[in-house]
Q: 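Have a look at the structure that comes next, please.
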Amino acid sequence: MPPKGTIPIEKTSFLEQKKEIKIAKRYIKLHLHRTITLEETANKVFLSPYYFSKLFKSEVGITFIAYVNHQKMIHASELLRNSDLTISHIAQSLGFTQMSYFSKTFKKEFEMTPKEYRKNPPLNHKKN
């Protein structure tokens, strides 16, 4: 199992991934500031949500939602380390409407709360 804060090694390299997955990943990165749904992303790559979900998991190795949340948590960790923004503002800027869900998601990813992370970020943090 990979260390917290990193995603599993993808089943296919980025260069080998299908065009739709590359487009979806780029779309996710550009829209981290809001809620991103499977349905809207599937529509952007002209696939049915069902097929897109299966394709995403087979190419990336984790579910669409897990990937989106991971990308948001990586960005949150960067903001916690490199800005004075409040934790609440960071959560809102990433499309989280409930602070409790943001904190729960962050703790699941990094095994510490956002407040603990800000006070003492891990030295081995890796950006994906």
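The shown structure was predicted, so the numbers you read here are calculated from the model rather than taken from an experiment. Count residues from 1 along the sequence.
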Q: Is it true that E39 and K44 make a salt bridge, defined as a side-chain N closer than 4.0 Å to a carboxylate O?
A: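 Salt bridge: no.
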Q: Atom NZ of K29 and atom NZ of K72: how far apart are they, to the nearest 0.5 Å?
A: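 Atom-to-atom, K29:NZ and K72:NZ are 13.0 Å apart.
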Q: Determine yes or no for a side-chain-to-main-chain donor-acceptor pair under 3.5 angstrom, with Q92 supplying the side chain and H89 the backbone.
A: no
Q: List the steps, then state whether side chain to side chain contact (heavy atoms under 4.5 Å, CB included) holds for R81 with S77.
A: CA-CA 6 Å; R81 277 186 280 113; S77 71; 3.7 Å; yes
Q: Is F110 close to I74 at the side-chain level, that is, under 4.5 Å between some pair of heavy atoms?
A: yes
Q: Taking atom types as modelled, find out whether K25 and Q17 have a side-chain donor-acceptor pair closer than 3.5 angstrom.
A: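 Their side chains do contain a donor-acceptor pair, which is all the 3.5 Å distance test asks for.
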Q: Atom CZ of F102 and atom OG of S93: how far apart are they, to the nearest 0.5 Å?
A: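 Rounded to the nearest 0.5 Å, the CZ-OG separation comes out at 8.0 Å.
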Q: Going from CG on L47 to CD1 on I21, what distance comes out if it is rounded to the nearest 0.5 angstrom?
A: 7.5 Å
Q: Rounded to the nearest 0.5 Å, how far apart are NZ of K104 and CD of Q98?
A: 10.5 Å
Q: Looking only at heavy atoms, which two atoms of I28 and I36 are closest? And how far apart?
A: O-CD1, 3.7 Å
Q: Restricting to non-hydrogen atoms, name the atom on S83 and the atom on I90 that form the minimum distance, rounded to 0.1 Å.
A: OG-CD1, 4.4 Å
Q: Measure the shortest side-chain to side-chain distance between I23 and R26 over non-hydrogen atoms and say whether it is less than 4.5 angstrom.
A: yes
Q: Show the nearest heavy-atom pair for residues L38 and P49, with the distance to one decimal.
A: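 Heavy-atom minimum between the residues: CD2-O, 3.7 Å.
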Q: Go through E116 and T113 one step at a time and tell me if the side chain to side chain contact (heavy atoms under 4.5 Å, CB included) criterion holds.
A: CA-CA 5 Å; E116 292 167 337; T113 66; 3.1 Å; yes
Q: Taking all non-hydrogen atoms of both residues, which atom of V45 and which atom of F52 are closest, and how far apart?
A: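 Looking at all heavy atoms of both residues, the closest pair is CG2-CD1, 3.9 Å.
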Q: Tell me the closest heavy-atom pair linking K18 and L55, and the distance in Å.
A: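 Closest approach of K18 to L55, heavy atoms only: CD-CD1, 3.5 Å.
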Q: May I ask you to decide if the ring planes of Y117 and F106 are parallel, tilted or perpendicular, using 30° and 60° as cut-offs?
A: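 It falls in the perpendicular class, over 60°.
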Q: So do M99 and I87 actually touch side chain to side chain, heavy atoms under 4.5 Å?
A: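 The answer is yes; the side chains approach within 4.5 Å.
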Q: Nearest 0.5 angstrom please: N82 CG to R118 CZ, how far?
A: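 Spacing of CG (N82) from CZ (R118) equals 9.5 Å.
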Q: If you round to the nearest 0.5 Å, how far is CG of L94 from NE2 of H31?
A: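 Output value for this atom pair is 14.0 Å.
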Q: Can you find a pair of side-chain heavy atoms, one from S103 and one from K107, that are under 4.5 Å apart?
A: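 They are not in side-chain contact.
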Q: Cation over ring, K57 on F64, under 6.0 Å and within 45°?
A: no
Q: Grab the two heavy atoms, one from H75 and one from L32, that are nearest each other, plus how far apart they are.
A: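 Between these two residues, the closest heavy atoms are CB-CD1, 4.1 Å.
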